[in-house]
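Atoms considered below: every heavy atom in the structure, side chains included; atoms not considered: hydrogens, waters and symmetry mates. Just so it is clear, the structure is predicted and the values come from calculations on it, not from any experiment.
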Amino acid sequence: KATIDGFVEAMPGGFEKLNATITEAIQKAAAVSAAQFSDWIIDLPEKGLTAHDAAVVAEILKSNTSVMKVELNFNKEIGDEGAKALAEALKVNTTVKRLDLRSCGVGDDGAAALAEALRSNTSLTKLVLHINGIGEQGKQLLRDAVAGRQGFVLTLDEDEEEDEDY
């Protein structure tokens, strides 16, 4: 590891250049995947996903026109940063109807980003966010964002009804 670290540090741009190159490669791979992805669900519960992994899913969602359901529940390392990336995708995605981020470490910052996205996204009809660290202020932002949207299901607490119709 020390040898590799020394080699990378000696490269022009060092770790920053390497990280930028890797990020670009992941984004290109995500675009290819999105173009070829034909399934209607991304089902990745309990996979140990991180914020970075959620960002990759978000990149896919930005150009995908077939995915209707995204299940990322019980990936506690997604957190606010992953929720923010997914929120940015929701601003342009018009096909996702259900997003499950139950027990994903989302807090008030992630909730605020999702609330902002819900103001422009009209395709999402169900958002599952219980078992997270969202406080009353974040919950209220979300409730306000979907107020008046008939049929929208927002699950913020475990005791709220959750149907599995789709």
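Considering all non-hydrogen atoms of both residues, D144 and R119 come closest at O-NH1, 4.0 Å. In plain terms, the two heavy atoms of A58 and A85 that are nearest each other are CB-O, 3.3 Å. The shortest heavy-atom contact between A87 and A117 is O-CB, 3.3 Å. The minimum heavy-atom distance between A83 and G110, with the atom names listed, is CB-CA, 3.8 Å. Contact record, A145 with A115: CB-O, 3.4 Å, taken as the closest heavy-atom pair. Contact between G82 and A51 at its shortest, heavy atoms only, is N-CB, 3.6 Å.
Once rounded to the nearest 0.5 Å, the distance linking NZ of K69 with CD1 of I42 reads 12.5 Å. From T94, atom OG1 reaches atom CG of L124 across 12.0 Å, with rounding to the nearest 0.5 Å. Between atom NZ of residue K126 and atom CG of residue D100 there is a gap of 8.0 Å, rounded to the nearest 0.5 Å. L90 contributes atom CG, which lies 7.5 Å from atom OG of S123 (distance to the nearest 0.5 angstrom). C104 SG to D80 CG: the interatomic distance, rounded to the nearest 0.5 Å, is 11.5 Å. The distance from atom CG of L127 to atom CG of N121, rounded to the nearest 0.5 Å, is 10.0 Å.
Note: the hydrophobic cluster containing I131 does not contain L44 (ILVMFWY, side chain heavy atoms under 4.5 Å, direct or indirect links). A single hydrophobic cluster is not seen to contain both L141 and L114; linkage of ILVMFWY side chains at heavy-atom distances under 4.5 Å, directly or through other members, places them apart. Linking ILVMFWY residues whenever their side-chain heavy atoms come closer than 4.5 Å, directly or via other members, places L118 and V96 in the same cluster. In the hydrophobic clustering of ILVMFWY residues, with side-chain heavy atoms under 4.5 Å counting as a link, V67 and V92 come out apart.
For K76, the NZ atom is loosely surrounded, since the number of other residues' heavy atoms within 6.0 Å does not exceed 12. Remark: I22 CD1 is packed, more than 12 non-hydrogen atoms of other residues, nucleotides or ligands lying under 6.0 Å away.
Contact annotation: the side chain of L99 never approaches that of V128 to less than 4.5 Å [non-hydrogen atoms, C-beta and beyond]. For the pair H52/I26, a side-chain contact is recorded, criterion being any heavy-atom separation below 4.5 Å from C-beta on. Using a 4.5 Å cut-off on side-chain heavy atoms (C-beta onward), R102 and T155 make no contact. For the pair T50 and I78, the minimum side-chain heavy-atom distance is 4.5 Å or more. Residues L72 and L86 are in side-chain contact: their nearest non-hydrogen atoms beyond the backbone lie under 4.5 Å apart. Put simply, the side chain of S103 reaches to within 4.5 Å of the side chain of F74, judged on heavy atoms.
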Determine whether D157 and K139 satisfy the following criterion, side chain to side chain contact (heavy atoms under 4.5 Å, CB included), listing intermediate values before the conclusion. CA-CA 10 Å; D157 298 307; K139 289 178 181 181; 2.8 Å; yes
Show your reasoning for whether side chain to side chain contact (heavy atoms under 4.5 Å, CB included) applies to E9 and F15. CA-CA 6 Å; E9 287 175 357; F15 282 103; 3.4 Å; yes
Show, in sequence, the C-alpha distance, side-chain angles and deciding distance for L154 and L142, and conclude whether the side chain to side chain contact (heavy atoms under 4.5 Å, CB included) test is met. CA-CA 8 Å; L154 177 63; L142 289 160; 3.9 Å; yes
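The side chain to side chain donor-acceptor pair (under 3.5 Å) search around K91 returns E88, E116, not counting sequence neighbours.
A donor-acceptor contact shorter than 3.5 Å links the side chain of N64 to the backbone of S66. A donor-acceptor contact shorter than 3.5 Å links the side chain of T125 to the backbone of K97. At distances below 3.5 Å, not a single donor-acceptor pair connects side-chain atoms of T95 with backbone N or O atoms of M68. Put simply, the side chain of N75 gets close to the backbone of K47: a donor and an acceptor are under 3.5 Å apart.
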